[in-house]
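Below: one structure, written as structure tokens.
Per chain, numbering begins at 1; letters A, B, ... match sequence-line order. Just so we're clear, the structure is a prediction, and the values are computed from it rather than from any experiment.
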Amino acid sequence: MNGTVLDRAFYDRPVVRVAQELLGKRLVRDWQGQRVSGLIVEAEAYLAAGDPASHSYRGPTRRNRSMFGPPGHAYVYTIHTRYCLNVVCESQGVGAAVLIRAVEPEEGMELMARWRSRSNPLDWTRGPGRLCEAFQLNLQWDGWDLTTGHGLWIEQGPALPEWTLGVSPRIGIRLAQELPLRFFVQGHCFVSGTRRLNGHTQAGFAWLQQLPVGASRRKAVMNFPKPQSPRQSKLDN
DNA sequence: CTACCGATTGACT
DNA sequence: GTCAATCGGTAGA
């Protein structure tokens, strides 16, 4: 299950490109030797310039200083008593980051279920605040170097069926709503937001096989249809 | 110091 | 669909 850890060069590139290419990669948390992981299915880019919705828009502060640090580190912030996880991109001194908005659970689901205290697996990691709770991420992880392969990192994901890149405006922002900077796996059942923004289907990659045995699995299988046949994938640019 | 606001979520009509 | 919780960041007096 282990994969190659994404290195600093991956993050040291234009933030929009990193946001798109993070889809399908695996976010991993090591908790006492146990892996908690999921495949990234939704991400948003926040630009270093010309983006009033970005926390970096007004320059460095105590809160957002990680955003201006070296690429490949985490930027974790609080919002409405929740935490959100970003990965810092582009050169040091440049305030660009990708918000990880949703992952499909892969490993450590017992821990996710405990930490999220919700029976429906779809509620574990669908949304930036939810996935931080499912991975037990908080401000202690702000500034964490994601390229070491310890504690918290992102690695090359598994081979996936072909899928379609979805693009939309970012969710939950007031300013710069016109910018198409949200990227997601079209139709994936762990993508947050409304149907209109998300696409029509409710397919996942492989999560049905990963669910715990028992009542929660039966319920999940009943509630959520099987993945439909794959479609084209392409990340141009 | 006070006042306002938000890259959210969960409960409720 | 609507709305309140709840608190750190930010701006301004």
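For the pair L175(A) CG and dA7(B) P, the computed distance is 8 Å after rounding to whole Å. Summarising the geometry, the separation between CZ on R126(A) and P on dT8(B) is reported as 13 Å, rounded to the nearest angstrom. Whole-Å rounding puts the Y57(A) OH to dA11(C) C1' distance at 16 Å. Taking atom CD1 of I79(A) as the reference point, atom C1' of dG6(B) lies 4 Å away to the nearest angstrom. As a whole-Å value, the separation of N120(A) CG from dT9(B) C1' is 15 Å. With rounding to whole Å, Y83(A) atom OH is found 15 Å from dT9(B) atom C1'. When rounded to the nearest whole Å, the span between CZ of R118(A) and C1' of dT8(B) equals 13 Å. For R174(A) and dT10(C), the CZ to C1' distance is 13 Å, given to the nearest whole Å.
For dG9(C), neither phosphate oxygen OP1 nor OP2 lies less than 4.0 angstrom from any side-chain nitrogen or oxygen of T78(A). Contact annotation: R58(A) reaches the phosphate of dA11(C) (side-chain N/O to OP1 or OP2, under 4.0 Å). Applying the 4.0 Å criterion to OP1 and OP2 of dT9(B), one finds that H80(A) has every side-chain N and O outside that range. The side chain of R101(A) contributes an N or O atom lying less than 4.0 Å from OP1 or OP2 of dT8(B). Contact check, R116(A) against dT9(B): no side-chain N or O comes under 4.0 Å of OP1 or OP2.
Annotation: cation-pi geometry satisfied between R170(A) and Y46(A) (NZ/CZ under 6.0 angstrom from ring centroid, within 45° of ring axis).
No more than 12 heavy atoms of other residues, nucleotides or ligands shown are found within 6.0 angstrom of CD on Q140(A).
When each of Y46(A) and R130(A) is assigned the nucleotide of DNA chain B bearing its nearest heavy atom, the one mapping closer to the 5' terminus is Y46(A).
Proximity note for R63(A) (side chain, C-beta onward) versus dA7(B), dT9(B), dT10(C): the nearest is dT10(C). Distance from the side chain of P128(A) is smallest to dT8(B) among dT8(B), dT10(C), dG10(B). Which of dA7(B), dT10(C), dG6(B) sits closest to the side chain of S54(A) comes down to dA7(B).
Within the 4.0 angstrom heavy-atom criterion, base atoms lie near L99(A). No engagement by R62(A) is indicated, since no non-hydrogen atom pair under 4.0 Å with the nucleic acid exists. Contacts of R170(A) with the nucleic acid, taken as non-hydrogen atoms under 4.0 Å apart, are absent. When heavy atoms are screened at a 4.0 angstrom cut-off, D123(A) is found touching no nucleic acid atom at all.
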Point to revise | Base-pair map of DNA chain B as dot-bracket, where | denotes pairing with a different strand and pairs are Watson-Crick or G-U under 3.5 Å | key: ||||||.|||||.

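Nearest heavy-atom pair across P158(A) and L39(A) is CD-CD2, 3.5 Å. Closest heavy-atom contact between L181(A) and V16(A): CD2-CG2, 3.8 Å. A pairwise comparison of heavy atoms in A43(A) and A19(A) identifies CB-O, 4.0 Å as the closest pair.
Salt-bridge check for R118(A) with E133(A): failed, with every basic side-chain N at 4.0 Å or more from each acidic carboxylate O. Salt bridge D145(A)/R8(A): present, at least one basic N to carboxylate O contact under 4.0 Å.
Here the options are V87(A), I154(A), V185(A), the test is side chain to side chain contact (heavy atoms under 4.5 Å, CB included), and the partner is I40(A); only I154(A) passes.
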